Structures are given as structure tokens and as C-alpha cells.
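From a predicted model like this one, the values you see are computed outputs, not experimental measurements. Chain naming here is simple, since letters A, B, ... match the order of the sequence lines and numbering starts at 1 in each. Basis for what follows: all heavy atoms, side chains included, without hydrogens, waters or symmetry-related copies.
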Number of protein chains: 4
Amino acid sequence: MPSKAQRPVQGKRRQTASKVRAAALTLFARYGYAAVSMRQIASEVGVQPGALYNHFPTKQDILKDLMLSHMGELLTAWTSAKPHPQTDPLVAFARFHIRYHMERADEVFVSYMELRNLEADNFAAVDAERRRYEAILTGILEDGAANGRYALDDPKVTTRALIAMLTGIATWYRASGTLSRQTVEDYYINLVCRAVSLEPGKTQRENG
Amino acid sequence: MPSKAQRPVQGKRRQTASKVRAAALTLFARYGYAAVSMRQIASEVGVQPGALYNHFPTKQDILKDLMLSHMGELLTAWTSAKPHPQTDPLVAFARFHIRYHMERADEVFVSYMELRNLEADNFAAVDAERRRYEAILTGILEDGAANGRYALDDPKVTTRALIAMLTGIATWYRASGTLSRQTVEDYYINLVCRAVSLEPGKTQRENG
Amino acid sequence: MPSKAQRPVQGKRRQTASKVRAAALTLFARYGYAAVSMRQIASEVGVQPGALYNHFPTKQDILKDLMLSHMGELLTAWTSAKPHPQTDPLVAFARFHIRYHMERADEVFVSYMELRNLEADNFAAVDAERRRYEAILTGILEDGAANGRYALDDPKVTTRALIAMLTGIATWYRASGTLSRQTVEDYYINLVCRAVSLEPGKTQRENG
Amino acid sequence: MPSKAQRPVQGKRRQTASKVRAAALTLFARYGYAAVSMRQIASEVGVQPGALYNHFPTKQDILKDLMLSHMGELLTAWTSAKPHPQTDPLVAFARFHIRYHMERADEVFVSYMELRNLEADNFAAVDAERRRYEAILTGILEDGAANGRYALDDPKVTTRALIAMLTGIATWYRASGTLSRQTVEDYYINLVCRAVSLEPGKTQRENG
DNA sequence: AATGAATGAGTGTTCATTCAT
DNA sequence: TATGAATGAACACTCATTCAT
């Protein structure tokens with residue numbers, strides 16, 4: 001049973017930090033890290049600029065926090081995802097990737113656009129997570145290539161090509177458009193499957 | 001016969017403007033438009049900041065110039081490209097796109113990353129060019145779909161997916177790596193072909 | 001008999017105030033009043049900045065407290081000093097001054113350097129104490145000049161000259177150097193004596 | 001014959017830089033380096049804050065410039081000083097020091113008070129000059145002690161004592177007071193002479 | 001007595017841009 | 001065509017101080 005004496009002060013701290021993250025994410029996604037000022041973030045949060053520094057030591061730390069937690073959550077989400085065991089792994093991964101990226105367009109956009117604005121050590125940390133994530137797809141492609149299920153030339157090149165293709169959705173898809181998420185997802189799944197010569201209709205694993 | 005009365009002064013003017021473009025391109029690609037100052041550009045050119053304003057009225061105009069001329073040259077290059085008439089049009093386009101984008105990594109990078117830093121009217125101008133370019137691919141896909149040569153769900157969605165995939169090469173390909181340009185090109189062509197169920201080996205048009 | 005009912009709470013209050021004084025003294029001496037922040041002091045004390053305000057209403061009050069109590073203790077120390085009655089008064093004073101200032105380099109340094117950072121009324125209070133202290137020496141010089149023991153042109157000018165000379169020790173003397181305190185003291189006493197033509201060897205009052 | 005085509009622009013540059021130095025000197029002397037803002041300096045100069053950076057890269061550089069040029073000018077002035085050859089060297093040096101320091105109270109004050117605000121390398125540069133200057137006096141004292149003209153215990157300690165005494169004039173002397181410069185100078189000369197047992201009346205070198 | 005989030009003003013410095021030369 | 005001094009606004013960040021807890 002959790003303590004009932006939780007101090008509201010704790011809540012307030014988390015709340016403000018949370019608002020800062022949210023405001024920064026939106027602003028960075030729209031205008032870019034370098035073009036957003038701490039004043040803009042503070043004003044969005046409804047606080048004076050100096051107050052931001054009670055929660056993040058520098059502007060760079062906000063960016064690092066956003067990018068690292070995005071990557072962390074992405075990896076966690078994949079780990080907890082339990083696709084139907086008979087679904088083809090590439091299809092499972094692609095569906096997961098598409099859905100996650102459509103739902104988090106801002107995080108995705110920032111994570112791809114602001115890499116160059118990370119200071120060296122922060123970049124290294126974020127890049128390591130990116131590699132871990134891409135390695136999942138590379139592993140799936142290697143397995144599928146090994147057992148003849150997928151046709152491909154090079155798992156790493158294919159990884160990059162497919163990730164770029166799928167992640168690109170976030171740059172153009174608008175929920176307000178004519179295409180539903182499900183439709184877009186299905187079209188891209190078909191592209192992915194064909195790209196490795198996996199029959200789109202036959203995306204259930206054969207149990208041998 | 002070219003005019004013999006070319007004034008060297010004209011040459012000098014063009015030369016400096018040219019250096020400005022080159023410096024800005026490199027710097028924007030590396031650090032981003034918002035993070036690069038006119039002072040940095042001037043210093044790279046070997047000139048005082050005020051001198052830049054003899055060639056470009058504002059910083060924004062440098063960006064607009066770079067992006068518009070990149071799109072213009074891209075369209076011109078496609079128009080002048082004379083692929084072998086028996087080559088499949090999708091393959092021809094993809095090969096053209098890959099080669100052009102591998103050779104101009106900085107232009108491509110800037111053109112994709114700095115769209116949000118364009119002021120409204122400049123964005124409109126650049127975006128119109130982008131649409132013209134993508135329309136070429138959409139047209140090819142529509143034709144191919146109509147005559148049953150390509151399998152695809154939606155030409156516009158496929159256009160975006162393929163463009164994202166191919167353009168992504170610029171973000172990871174390094175000439176210093178282990179893969180030759182030709183190899184990368186071939187791998188991507190295979191991906192493109194399979195993505196629309198065009199037999200990679202059968203990329204010559206049948207003449208009917 | 002001291003009260004046995006001393007409350008530890010009182011002790012704690014005094015303790016923290018004391019730590020604040022000590023931290024501020026060290027920091028002001030090293031970096032100067034204006035260059036030291038309340039945060040630095042708090043961090044040195046091991047407390048949050050806000051807590052300082054339970055002990056001193058403003059940063060200025062810390063400085064005033066340090067300087068006024070330094071002057072107070074200096075005057076008290078002189079009053080309680082009981083030099084050998086046969087010692088020449090100038091020599092007694094100079095020895096006292098040298099010893100006191102060598103032992104309290106930080107207090108001395110702050111008291112001489114930060115006068116300009118005192119607000120008007122605080123300056124007046126501290127300056128009054130300084131005058132009281134210097135008046136002691138002026139009195140000694142006037143007496144000695146009157147009875148022909150010392151040769152000097154003007155007691156006030158001589159006071160300032162000697163005080164500057166003696167206080168200057170604090171700016172260069174390091175206990176870690178090659179000269180012992182006693183040696184330095186003796187050398188300066190000789191300088192003082194000669195400066196008023198008092199035979200260094202004859203520093204015992206003749207009792208008439 | 002100097003060029004007549006001197007550009008007034010050159011004059012303007014020097015003029016502003018000069019005003020900055022003057023304003024900074026006055027302000028640093030009155031309020032201390034740390035307590036003076038670039039805005040205050042700019043406002044005193046009659047310019048926007050950013051303009052200061054056309055002349056000094058940082059605030060620290062203004063301080064360095066002031067202190068280094070003060071020391072440089074001091075050393076130059078001593079080198080060019082041609083005291084009467086029959087004047088005792090200690091007296092000549094002391095007179096020079098007193099006069100120079102009375103005329104440049106601000107420079108002197110800043111140079112003694114702001115040493116701790118110099119960054120390490122700037123401090124080293126300034127301190128080296130200070131040592132050079134003090135070495136002049138030490139040399140004079142050593143010579144005089146060697147030929148029995150002065151009585152003293154240790155040339156280095158005596159140097160510090162005398163310099164502190166003489167430099168201290170700047171902290172209290174006001175031209176508006178009752179004592180003339182000449183009177184103060186004479187009184188201090190007498191103190192210096194007696195401090196090394198040099199008969200004040202006998203300050204002409206005996207030519208042997 | 002102490003915390004820690006917040007304020008409002010301020011810091012040194014940089015910015016894109018202008019303009020007399 | 002270029003310089004370089006200047007502007008006026010903005011930047012990231014820090015300050016002394018307050019106050020609810």
C-alpha cells in the first residue's frame with residue numbers, strides 16, 4: 001500500500017519538468033532546436049525563463065533528455081510488444097515501427113533532425129540507442145535471409161533503406177488527410193514485404 | 001563566340017557570391033541554418049560580414065537561393081538525362097535520383113532539413129519545385145501501374161516511400177566506407193524494383 | 001555557573017550562522033564580495049540558498065557583519081592586550097597589529113578590499129571603527145612626538161603610512177614561505193622604529 | 001614625413017577604444033571589476049553594449065589591457081626618468097613612485113585591487129611586470145646596504161614594506177584636502193629615509 | 001531551520017543588419 | 001566591392017531574494 005503522505009511538492013516538481021519537456025518537444029519539432037529560445041519554452045510553460053534551470057541545467061540537457069527518453073521508450077515498447085507468434089517478424093517489426101512513429105510524430109522528427117545539435121557525448125549516447133534499435137531489424141533480416149524467406153542483398157543496407165522509408169511517414173502523414181492510419185500502414189507493409197520478395201498475402205509464419 | 005569584353009569585375013562579383021553559396025552550403029549542412037551566423041559564413045569566405053550584403057540581401061535569401069537552385073538544377077538534370085530508351089522508366093529515375101543525391105549530399109541534406117526555416121513564400125516556391133519533381137515519379141508509377149508493369153497500392157504514397165528511401169542514402173553513405181557507390185546504387189535499385197514487383201532482372205522495356 | 005538548560009536548537013542556529021560567516025569570509029577574501037554568489041556560500045555551508053535568509057536578511061548584511069565584527073574584535077583585542085609596561089607604546093602597538101593581522105589574513109583582506117561594496121550607512125559604521133583604531137596609533141605618535149621620543153612630520157600622515165606598511169604584510173606573507181612570523185615581525189618593528197628615529201635597540205620606556 | 005592621407009576612420013577606432021578604457025578605469029576603480037557591467041561601461045562611452053566587442057573581445061580583456069598597460073607605462077616612465085645624478089637613488093625612486101601614483105590614483109587602485117579578478121595567464125603577465133618593478137627598488141636597497149649607506153634587514157621585505165607604504169597614499173590622498181602634493185611627498189620621503197637610517201637632510205650622493 | 005520552485009531583473013555576449021567610408 | 005564600427009534586439013544563463021511547504 002503506497003504512503004498516503006505523498007507531498008504535493010513532489011507532484012509539482014514533476015509537473016513542471018513534464019510541461020517543459022512537452023513544450024520543448026513541440027517547439028523543437030516545429031522550429032528546430034537552434035531556433036527555439038529558452039524564453040519561448042518558458043513562456044509556453046507559463047513560467048519565467050530562470051525557472052527552467054530548476055529542472056534542466058542547460059538547454060542542451062532538455063534536448064538530450066527528449067532524445068534519450070524517446071529512444072529508451074521506443075526500445076522498451078518493442079520489448080514489451082507481443083506480436084501474434086505466427087506473424088512474420090519483419091511484418092511485426094514494420095507494423096510496430098509504423099504505428100509507434102505515426103503516434104509520436106514530434107519525438108520522431110526531433111530525434112532525426114536534431115542529431116547534429118547534440119554535443120559529442122550526448123550524440124554518442126543517443127546514437128548507441130539508435131544502433132541498438134536498428135540492430136533489431138538487421139537481425140530479423142539476417143534470419144529471414146538465412147532461411148530463404150526474404151530476398152535481399154545486404155541486411156545493413158536494407159535496414160537503413162526500410163527505416164528511412166518507414167520513418168519518412170512522419171514527415172508527410174497528417175491525421176487530417178484523406179488516408180486513415182490503417183490504410184497507410186497497410187500500404188507500407190505491402191511495400192516492405194515486396195521489397196524483400198515476401199508475398200504480402202503470406203505474412204504468417206509457416207510452422208514447420 | 002563569347003563576348004571578349006567580359007569585365008573582370010563581373011568575374012569577381014560572381015566569384016564572391018559563389019564562395020558565399022559554397023560556404024553557406026557547407027555550414028548549413030553541418031550545423032543547420034539557425035545555428036550558423038553570417039559572421040561564420042563571412043569568415044569562411046575570407047571577408048567581413050558586411051560584405052555579404054553586397055551579394056545577398058538577407059541570410060534567408062542565401063538559404064532560398066541554395067534550395068531553389070538545387071531544385072532547379074535537379075529538375076534540369078532530369079530533363080537533360082537521356083536514359084537508354086529501353087531502360088524501365090522507374091529504374092531510370094531511381095538510378096538518376098541515387099546518383100544525383102550521392103554526389104550532392106550537402107545540397108540534399110540542406111534541402112530536406114531546412115524546409116522549416118524557409119519563410120512562407122520561399123517555402124511555397126521550393127515546395128512547388130519539390131512537388132514537380134515528385135510528380136515525375138508519380139507519373140512513372142501511374143503509367144507502370146496502368147499497364148500492369150508495377151504492382152502498387154497508391155502512386156502518391158509509393159512516391160513518398162521511395163523518395164524517402166532513396167534520399168536517405170545521403171544521411172548514411174560515406175564515400176570512405178566499404179561500399180562503392182555502384183554497389184549501393186545496385187542494392188537500392190533492387191529494393192525499388194521488388195517494392196513494385198518489377199523483376200530486378202527484367203528492367204528493360206519490352207517494345208510492343 | 002553556566003545554565004544547564006541550553007537548548008540544542010539554539011546551538012544549531014548559532015552553528016549555521018557561524019558556518020555562513022566562515023564560508024563567506026573565505027569566499028569574499030578569495031574572489032571578492034561582488035563575485036561571490038549566495039549560492040556559492042550556501043553550497044559551501046552545505047545548505048540551500050534560501051536557508052541563508054534565516055540567518056542574514058541580505059548578502060550585504062553578511063559583509064557588514066564580517067567587517068563590523070572584525071573591527072570590534074580588533075579594538076577589543078587591543079584593549080585587552082597588556083603589553084609589558086616598559087615596552088615603548090609604538091612598538092607595542094606595532095607588534096600587536098602585526099600579530100593580529102598575520103593571524104587573520106582573510107578578515108584583514110576583506111576589511112580593506114570591500115569597503116567600497118558597503119552601502120553608505122554600513123560604510124559609515126565600519127569607517128568609524130577604523131578611525132577609532134587609527135586614532136590609537138595617532139595618539140601614540142602625538143605623545144611620542146610631544147615628548148621628543150619620536151621624530152615625525154605629521155601624526156595623521158604617519159599613522160596612515162605605518163598602517164599601510166604593516167597591513168600590507170597580509171597581502172604577501174605566506175606561512176609556507178621561508179620567513180618565520182617572528183622574523184617578519186622583527187624586521188617590520190625595526191622599520192617602524194627607524195621611521196620615527198626610535199633607536200630599535202632602545203624600545204623600552206625609560207621610566208622617569 | 002607622415003602620410004597626410006590618414007583616414008579619420010583610424011582615428012575613430014582609437015577614439016572609441018580609448019573611451020572604453022577610460023570609462024572602464026573609472027568604473028572599476030569606483031565599484032570594482034566584478035560589480036561593473038558591460039552595459040555601464042557602454043553607457044558611459046555613449047554606445048550600445050555590443051559595440052564594446054568591436055574593441056575588446058571580452059570584459060576580462062579590458063581589465064588585462066588596463067593593468068598591463070599601466071605596468072608597462074610605469075616601467076617606461078621610470079626608465080625615462082632622469083633624476084638629478086646626485087640625488088640618492090632611494091630618494092629618487094621614492095619621489096618618482098609617489099608622484100606617479102598620486103597622478104594615477106585610479107590605475108594604481110585598480111592594479112592593486114583587481115589582481116584576483118585576472119584569469120590565470122593574465123595574472124601571470126601582470127605579476128611578472130610587478131616583480132620587474134619591485135626588483136628595481138630591491139636592487140637599489142641591495143646596493144645601498146652593500147656600501148653601508150642604508151640600514152636594513154632584508155631587501156625584499158623592505159621593498160614590500162616601502163611599496164605598500166608609498167602606494168597606500170593613493171587610498172587616502174585627495175587633492176581637495178588640506179595637504180598639498182608636495183607636502184605629502186616630502187613627509188613620505190622623510191619616512192622612507194629614516195626607515196633605512198638615511199639622514200633626510202643628506203640625500204645627495206657623495207661623490208667619492 | 002530548511003527546502004526547492006519560482007520571480008524579475010540582470011549578466012556577458014552574439015546576432016542580423018546598416019552605413020559612412 | 002569591401003571594411004569595420006555601430007545598432008537594437010536577442011541569446012543562454014545567473015543573480016539575490018521570496019515563500020509555501
Side-chain angles (χ1 to χ4, degrees), chain A residues 7-10 12-13 15-17 34-42 45-60 62, chain B residues 9-10 12-13 15-17 34-42 45-62, chain C residues 9-10 12-17 34-42 45-60 62, chain D residues 7-10 12-17 34-42 45-62:
Chain A
R7 281 183 296 168
V9 119
Q10 285 268 352
K12 194 174 188 187
R13 182 179 225 305
Q15 225 172 57
T16 303
V36 170
S37 73
M38 292 298 265
R39 277 166 179 77
Q40 279 175 272
I41 298 172
V45 172
V47 112
Q48 295 295 321
L52 300 181
Y53 293 86
N54 288 325
H55 304 278
F56 297 91
T58 68
K59 186 186 172 188
Q60 171 78 197
I62 303 179
Chain B
V9 151
Q10 282 271 348
K12 193 177 186 188
R13 180 179 228 299
Q15 225 173 53
T16 301
V36 170
S37 73
M38 292 297 266
R39 276 165 177 78
Q40 277 175 273
I41 298 171
V45 172
V47 109
Q48 295 297 320
L52 300 181
Y53 291 84
N54 289 322
H55 305 278
F56 296 91
T58 69
K59 185 185 172 190
Q60 172 76 201
D61 284 286
I62 303 180
Chain C
V9 152
Q10 283 272 349
K12 193 175 186 189
R13 181 177 227 302
R14 276 202 197 104
Q15 223 173 53
T16 302
V36 170
S37 72
M38 292 297 266
R39 276 165 177 76
Q40 277 176 272
I41 298 171
V45 172
V47 110
Q48 294 297 321
L52 300 180
Y53 292 85
N54 289 322
H55 304 278
F56 295 91
T58 69
K59 185 185 172 188
Q60 172 76 201
I62 303 180
Chain D
R7 281 184 294 170
V9 120
Q10 284 268 353
K12 194 173 188 188
R13 180 181 226 304
R14 280 206 194 100
Q15 227 172 57
T16 303
V36 170
S37 74
M38 293 297 266
R39 276 164 181 79
Q40 278 175 271
I41 298 172
V45 172
V47 110
Q48 294 294 321
L52 300 180
Y53 292 84
N54 289 324
H55 305 278
F56 297 90
T58 67
K59 184 185 173 189
Q60 172 76 197
D61 283 285
I62 303 180

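- Residue D/T58 places no side-chain N or O under 4.0 Å from the OP1 or OP2 atom of E/dG12.
- How far CG of B/D61 is from CZ of B/F56: 8.5 Å, rounded to the nearest 0.5 Å.
- A straight line from CZ of B/F56 to P of E/dA16 spans 15 Å, rounded to a whole angstrom.
- When each of B/N54 and C/A35 is assigned the nucleotide of DNA chain F with its nearest heavy atom, B/N54 is the one assigned upstream, toward the 5' end.
- Note: NZ (D/K59) to P (E/dT11) measures 9 Å, nearest angstrom.
- Using a 4.0 Å heavy-atom cutoff across all strands shown, C/V45 reaches no nucleic acid atom at all.
- Rounded to an integer number of Å, the gap from D/Q48 CD to E/dG12 P is 15 Å.
- Considering only the side chain of D/V47, F/dA6 comes nearest among E/dG12, F/dA6, F/dA16.
- At whole-Å resolution of the value, CD in B/Q40 and C1' in E/dC15 are 11 Å apart.
- The base of E/dA16 lies close enough to the side chain of B/R39 for a donor and an acceptor atom to sit less than 3.5 Å apart.
- For B/L52 and E/dT17, the CG to P distance is 10 Å, given to the nearest whole Å.
- The CD1 atom of A/I41 sits 6.5 Å away from the CG atom of A/L52 when rounded to the nearest 0.5 Å.
- Remark: F/dT7 base-pairs with E/dA16; criterion is Watson-Crick or G-U wobble with both hydrogen-bond distances under 3.5 Å.
- Scanning both residues, B/T16 and B/H55, for their nearest heavy atoms gives CG2-NE2, 3.4 Å.
- Note on B/T16: a side-chain N or O is less than 4.0 Å away from OP1 or OP2 of F/dA2.
- At the phosphate of F/dG4, neither OP1 nor OP2 sits under 4.0 Å from any side-chain N or O atom of D/H55.
- Residue order along DNA chain F, read from the 5' end via each residue's closest nucleotide, puts B/G50 first among C/Q60 and B/G50.
- Without hydrogens or angle criteria, B/R13 side chain to B/N54 main chain gives a donor-acceptor distance under 3.5 Å.
- Here E/dC15 presents its C1' atom at 12 Å from CD1 of B/I41, a figure rounded to the nearest Å.
- In plain terms, the two heavy atoms of A/A35 and A/Q40 that are nearest each other are O-OE1, 3.5 Å.
- Atom OH in A/Y53 sits roughly 15 Å away from atom P in E/dA6 (whole-Å rounding).
- Between the CE atom of B/M38 and the C1' atom of F/dG4 there is a distance of 16 Å, rounded to whole Å.
- The nucleotide F/dT21 finds its pairing partner in E/dA2, both defining distances of the Watson-Crick or G-U wobble pair being shorter than 3.5 Å.
- The phosphate of F/dT14 (OP1 or OP2) has no side-chain N or O of C/S37 nearer than 4.0 angstrom.
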